[in-house]
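Following: one structure in structure tokens, then a few remarks.
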Amino acid sequence: MKDTTSLISVVDPFTEVNGRPVNTINPPVFKGSTVLFDCYEDFVRAMSGQYEGVCYGTDRLPTQRAFEDAIRSLEGGHLTRAFPSGISAIINTLLALTKSGDHILVCDNVYGPTARFCREVLSRYGVEFCFIPPEVGENIEEFILPQTRLIFLESPGSNTFEIQDIRAVTKVAAERGIVTVLDNTWATPLYLKPFELGVDISIQSATKYISGHSDLLLGTATVNKQYAETFERFYRVMELYASPDDCFAALRGLKTLSVRLKQHEKSALEIARWLQGVDLIDEVIHPALPGHPEHHLWQRDFAGSSGLFAFTLKRDCAEEKLAKFINTLELFGIGFSWGGFKSLVTAGKCQRSKASRYTGKTLVRLNIGLEDADDLRADLDKALGILR
Ligand SMILES: Cc1ncc(COP(=O)(O)O)c(C=O)c1O
């Protein structure tokens, strides 16, 4: 069965009326802290960790479990756990798999707060980290130390969209017992199947395409069999909780994920190709365009592209001019995050630990939403006129 069908076809009869199942095609929202036991014996079982049912709200109520199960099956992993946000999924994965004295490798193009957590928190607990090139492949060997325990990838990476050779990295890592983690938010599990490429843990910020409506924060970590027990033990101790309302909304988002993604992909490509022909633009950075440095890897590993990409300008303009360009846009909101129905724009200098082709350049990042692509293009065209 194709992902598109399996996303739609799950119907869970959660309740009964007069002995008949009530088959709403969406699950109910289970909310609660206290969950009553049928009898004292079950309570005693729960106290000794022998009870198979749900003991408490943080034990994951059925709505959260339904959401986790849907993501687990899409990603193709062994176990999924939901978190209150994408960054919370990332932070807790890093904590679950490392200990004092470990060394980890982190791609230089990861989401800023991921790197900030390594720098400002992990290092305080004796976990050293080191950046690796954003387009790393089999040269990962050069960076591995005897105490390297984990490699964190994000492909394509934040704002500059470099792609790693995930297969090459996971091969080397597996041979040495190093756990590999991939932030798979850009592609979603529809356009990249991380476990087929040998990744051990896949992260989603479900805040983005999975929910799709910019109205919640939610994250997931999906783990393979090898690391499931370690991960689950940590998760239980942390007693993390993802809101049932948010899990419900994200489950609803999943039903339309494939059609939304197709539209985001189509419009983003149309606009990216058009921008390539605009005299002011230096480089359009979009993995699905043949000129992208790792386009061959995108072609090999990905089943599609989403709606987030960036461009640089031929002549970096003064801050006031850039502000004028961005303020002139009417259909693009100025704001963080992406993956929702509304088009958004952000801009900033490329921040990397090592010099890259984008060093010193201003990157304008576009989240192409679900508005009509011709309208978006006209809006960009008008605003770009300011720079002439
Ligand atoms: C690639 C990537 N990963 C993770 C996150 C964090 O997700 P959240 O906003 O759900 O914490 C973001 C947020 O922008 C992101 O761009």
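Note: hydrogens, waters and symmetry copies are ignored here, and every other heavy atom, side chains too, is used. Every number for a ligand or one of its atoms is a count from 1 in the order of the listing. Each residue takes its place number in the sequence, starting with 1.
- For the pair Val169 and Ile151, the minimum side-chain heavy-atom distance is below 4.5 Å.
- Residue-to-ligand polar distances keep Ser158 apart from ligand 1: every N/O pair is separated by 3.5 Å or more.
- At least one N or O atom of Gly86, backbone or side chain, sits closer than 3.5 Å to an N or O atom of ligand 1.
- A salt bridge is defined here as a Lys NZ or Arg NE, NH1 or NH2 lying under 4.0 Å from an Asp or Glu carboxylate O, and Arg357 with Glu162 fails to meet this definition.
- Nearest to atom 9 (O) of ligand 1 among the protein's heavy atoms is Lys208 NZ, 3.1 Å.
- Contact check on Lys31 versus Asp245 returns a salt bridge, with a Lys/Arg side-chain nitrogen under 4.0 Å from an Asp/Glu carboxylate oxygen.
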For residues 122-140, run the donor-acceptor check on the side chains, cut-off 3.5 Å, and write out each pair with its distance to 0.1 Å, sequence neighbours left out.
unit_1: Ser123; atom_1: OG; unit_2: Arg119; atom_2: O; d: 2.5
unit_1: Arg124; atom_1: NE; unit_2: Glu120; atom_2: O; d: 3.3
unit_1: Asn139; atom_1: OD1; unit_2: Gly137; atom_2: N; d: 2.9

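- In summary, the atoms of ligand 1 found under 4.0 Å from a heavy atom of Ser205, numbered by their order in the structure, are 4 (C), 5 (C), 7 (O), 8 (P), 10 (O).
- Taking a cutoff of 4.0 Å between a charged side-chain nitrogen and a carboxylate oxygen, Glu52 and Arg45 do not qualify as a salt bridge.
- Looking at Trp338 against ligand 1, only its side chain comes within 4.0 Å, counting heavy atoms.
- Any N or O atom pair closer than 3.5 Å counts here, and Glu154 shares no such pair with ligand 1.
- Between Asp165 and Lys171 there is no salt bridge, since none of the side-chain N atoms of the basic residue sits less than 4.0 Å from a carboxylate O of the acidic one.
- In terms of protein heavy atoms, atom 4 (C) of ligand 1 is closest to Asp183 OD2, 3.5 Å.
- Taking a cut-off of under 4.0 Å to the non-hydrogen atoms of Leu217, the atoms of ligand 1 that pass are 9 (O), 10 (O).
- Of the charged side-chain nitrogens involved, none lies within less than 4.0 Å of a carboxylate oxygen, so that Arg315 and Asp282 do not count as a salt-bridged pair.
- Nearest non-hydrogen protein atom to atom 6 (C) of ligand 1 is Tyr111 CE2, 3.3 Å.
- Interface atoms of ligand 1 facing Ile87, defined by a heavy-atom separation under 4.0 Å, are 6 (C), 7 (O), 8 (P), 11 (O).
- Other members of the hydrophobic cluster containing Tyr40, listed by chain and number, are Phe37, Phe43, Val44, Met47, Tyr51; membership follows side-chain contacts under 4.5 Å among ILVMFWY residues, whether direct or relayed.
- Considering both main-chain and side-chain atoms, Thr207 comes within under 3.5 Å of ligand 1 through a nitrogen or oxygen pair.
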